[in-house]
Amino acid sequence: MKKSFQIHKIGKILAIVFFVITVCIISLYFFLRDKNVPTSSPVVEKFERPKFQESITHFEIKGGERRLSVRGEKHYLGEDGRYHLENNIEIKIFPKKEGGKETIITAQRAIYNEAKTLFTLLSDVTVKQEDLTLKSKEVVFNRNKNILRAKNEIQILSAKFEAKGKGLVYFLENKVLKILSNVVGKIKEDSEYPINFQCNRLVYMREEKRIFLKGKVMIYQHFNGLKSNQAVIELDALERELKSIKLLKNAKMTLVKEDKNTDNPIEIREMKADEILIYFKNGEINFVDGKENCSLKISQDNSFSKEIRAHEIELFLKPDQTINFKAKGNVFLRDVKKEREITAGIIIKDDNGLSISGDDQQKASISFENNKLSAQKISIDSKSSDILAEGGVENIIYSSAGETDSISFLSPSQNISISSEEMSYMDEKNIIIFEKNVQLRQGKSLITCEKISIDNNKKIISAEGKVRAFLYLEQKNKLITVLSERMEFNDSEKNIIFRNNNFLSLKNLKFSAEEIKVFLKKETEGIEYIKASDNIKVNWREYHASGDAAEYFPDEEKFILSNNVTLLEEGKSNEINGSKLTFYLSDDRIMMENKEGRITTILKSSKK
């Protein structure tokens, strides 16, 4: 019995020892396992998503140049390790510069990093800075660089313009905004039609009030249109008025004058240049300046009417939409309706008409009818179309053989060239007047005088004041010289009349008469014959003669003096009288005839 009790007692002791050993082994296991685990905060606790905070969460970063205020209804730390804001989010970015206004960003969702330097705003994002509003689905704010970025569709609105596009970079400090692609927009105007534009890229410099458009730029307003590779739009200081638009590279402009009653186009002006600058006043274009390789075409009533090419063309637009202009540098103007072509250094059109000037390289010139006029300065009256030219005037009347309305003068196949100091053209009467040091040339023939008038309707050329005519005889290769006070050429009758103090010289014979008339050949070129009348006095070698009528035949070189003829040899007192005295200039002899036609005297000159 005693032995059984002892065995039971030993069993209980062994069981207790075994339990203690087991507990110690288990404790040692957990102790060694926990010793290999880091002692930092549990990861599970760090990324555990807490409950939403229903009250408005607000934090501010104060001091320095990066002050920031953030508000939102729900605020939590997400599983991505970034902080999240939801519902009615407002971020205020305070300006670095004193006196500036804050930038306010609103959205429905936002995500930012722990350092609070990078904010991504999502859903109904709106950015406001002064009068500028920017809208997009997603905007990224880099607080270190003070830059806003967007990759998707964006819209910007300001006091004067609005634009849409894809992609955005906005430098908040410098207030420089860029739309990266697919830009469309408009300039807001008080008029019925806004100014719309589209391009590849846009840069808006808010401080300078300038908008840069780049790549396939198109700007249009109703019928008016602009195209170029680049453009610069400039606004006034308050962004209330459009000041100017500059087109750069392959610039094109179309301006349309409209009928006030029907609103239909009645005149189209198309300009091309390397650069075109357009200025606005009260919302309307009032000045255009085209530079480098500039051209301007004007069409009226659906037909081309005028073309101008120059180094630079300036347009001055009046309230009634009519234009004046100034073209500079190697200017060419073609007026189809008035059949004129003008080249000059400078052409100015104002309300009074055209002022055309030459430069160091060339004189001004204008082609009209069959004339080409050049001078240092030419003016054309806008109402009468009269022309006034001054300084080194030269005018060419082009030959028009076979045309009945042309002036041929001595030869229908040769041009007539007239030079003077002044010239005037009366368009209604179709009369041209040349004054001061006038010279008329045709081939080898020359006329000098103080004044020449050309009546194109009557086909008459008149010269007056110390007229000197040197008429070239093509068939004899000789000149006939006529001195007179007045000359008149009648193209219809093919004759030239010299009046008052006339003196004619041909070969060795010279004579004077009250009137000398030169008859031209009608079918061919040259002089048919010359006729003189009244108080004729002849000098031929050593002989002097007088009579009342005379004729000269160039082809035969025969001069005939008639009616009350007297002949006197130098050094002798005896006169020879007759009714007809013939001078044969080719063989230096003369022959006197009486009234009956009988030859009474034949003389030969002793002078060689």
Side-chain angles (χ1 to χ4, degrees), residues 161 178-179 181 183-185 187 195-205 208-221 223-235 242-257 267-281 284-299 304-317 323-336 341-349 354-362 364:
F161 91 104
K178 297 180 180 180
I179 301 179
S181 63
V183 181
V184 294
I187 306 295
I195 298 175
N196 299 287
F197 63 83
Q198 64 184 60
C199 60
N200 291 342
R201 293 170 60 89
L202 178 147
V203 178
Y204 177 25
M205 302 181 71
E208 292 82 0
K209 308 301 180 185
R210 288 178 182 165
I211 305 168
F212 294 83
L213 310 179
K214 298 181 179 181
K216 297 181 179 180
V217 178
M218 294 179 63
I219 304 172
Y220 47 94
Q221 182 187 37
F223 292 124
N224 298 331
L226 309 174
K227 289 184 179 181
S228 64
N229 292 352
Q230 299 179 23
V232 182
I233 300 173
E234 186 168 357
L235 308 173
L242 173 61
K243 291 177 63 178
S244 66
I245 298 176
K246 180 187 284 188
L247 306 178
L248 301 167
K249 299 181 180 180
N250 299 319
K252 299 178 183 179
M253 176 191 71
T254 301
L255 297 181
V256 178
K257 179 182 178 182
E267 183 175 276
I268 300 174
R269 301 95 177 230
E270 296 179 292
M271 177 181 282
K272 295 181 180 180
D274 291 349
E275 177 182 316
I276 300 176
L277 183 58
I278 303 125
Y279 286 94
F280 292 78
K281 185 177 181 180
E284 299 290 338
I285 298 174
N286 74 323
F287 177 73
V288 177
D289 187 4
K291 296 180 179 180
E292 301 291 343
N293 303 314
C294 191
S295 67
L296 175 68
K297 292 184 178 180
I298 299 175
S299 301
F304 172 69
S305 65
K306 192 176 294 182
E307 177 187 15
I308 305 171
R309 298 195 300 266
H311 177 76
E312 181 177 0
I313 299 176
E314 299 175 352
L315 300 183
F316 306 87
L317 283 81
I323 62 170
N324 290 324
F325 67 82
K326 181 178 182 180
K328 299 183 289 185
N330 198 24
V331 184
F332 170 81
L333 184 151
R334 179 161 63 102
D335 193 324
V336 176
E341 287 190 358
I342 300 173
T343 59
I346 299 175
I347 298 179
I348 300 174
K349 179 192 176 296
L354 286 177
S355 177
I356 309 161
S357 303
D359 54 24
D360 295 337
Q361 304 297 323
Q362 62 179 350

Do the non-hydrogen side-chain atoms of [X] and [Y] ever get within less than 4.5 Å of each other?
X	Y	value
Asp359	Ile346	no
His311	Lys328	no
Phe316	Lys326	yes
Leu315	Met271	yes
Val288	Leu255	yes
Ile278	Leu247	yes
Ile245	Val232	no
Phe332	Ile347	no

- Can you list the steps and then say if Phe197 with Val183 is a side-chain contact (heavy atoms from CB on, under 4.5 Å)? CA-CA 8 Å; Phe197 63 83; Val183 181; 4.1 Å; yes
If only atom types and distance count, is the side chain of [X] paired as donor or acceptor with the main-chain N or O of [Y] below 3.5 Å?
X	Y	result
Ser228	Val217	no
Lys349	Ile323	yes
Asn224	Val256	yes

Just verifying a value: how many Å separate [X] [atom1] and [Y] [atom2], rounded to the nearest 0.5 Å?
X	Y	atom1	atom2	answer
Lys252	Ser295	NZ	OG	10.0 Å
Phe161	Ile211	CZ	CD1	4.0 Å
Gln198	Leu213	CD	CG	10.5 Å
Gln362	Ser357	CD	OG	11.5 Å
Ile342	Arg334	CD1	CZ	12.5 Å
Phe280	Ile187	CZ	CD1	9.0 Å

* Asked: Yes or no on side-chain contact (heavy atoms from CB on, under 4.5 Å) for Ile195 and Ile219, after CA distance, side-chain angles and deciding distance?
  -> CA-CA 7 Å; Ile195 298 175; Ile219 304 172; 3.5 Å; yes
Might you confirm whether atom NZ of Lys227 has over 12 heavy atoms from other residues, nucleotides or ligands at distances under 6.0 Å?
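Atom NZ in Lys227 is not packed in, count stays at 12 or less.
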Exercise. Above 12 or not: heavy atoms from other molecules or residues under 6.0 Å from NZ of Lys209?
Worked result: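 Yes, the 6.0 Å shell around NZ holds more than 12 heavy atoms from other groups.
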**Item:** Worked verdict on Phe287 versus Glu314 for side-chain contact (heavy atoms from CB on, under 4.5 Å)
**Value:** CA-CA 7 Å; Phe287 177 73; Glu314 299 175 352; 3.8 Å; yes
- Any salt bridge between Glu270 and Lys272, counting N to O under 4.0 Å?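 Between Lys272 and Glu270 there is no salt bridge, as every charged N stays at least 4.0 Å from the carboxylate O atoms.
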Could you go through the salt bridge (Lys or Arg N to Asp or Glu O under 4.0 Å) check for Glu234 and Lys246 one step at a time? CA-CA 8 Å; Glu234 186 168 357; Lys246 180 187 284 188; over 6 Å; no
* Where do Val331 and Gly345 come nearest, in terms of heavy atoms and distance? ->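 Of all heavy-atom pairs spanning Val331 and Gly345, the closest is CG2-O, 3.5 Å.
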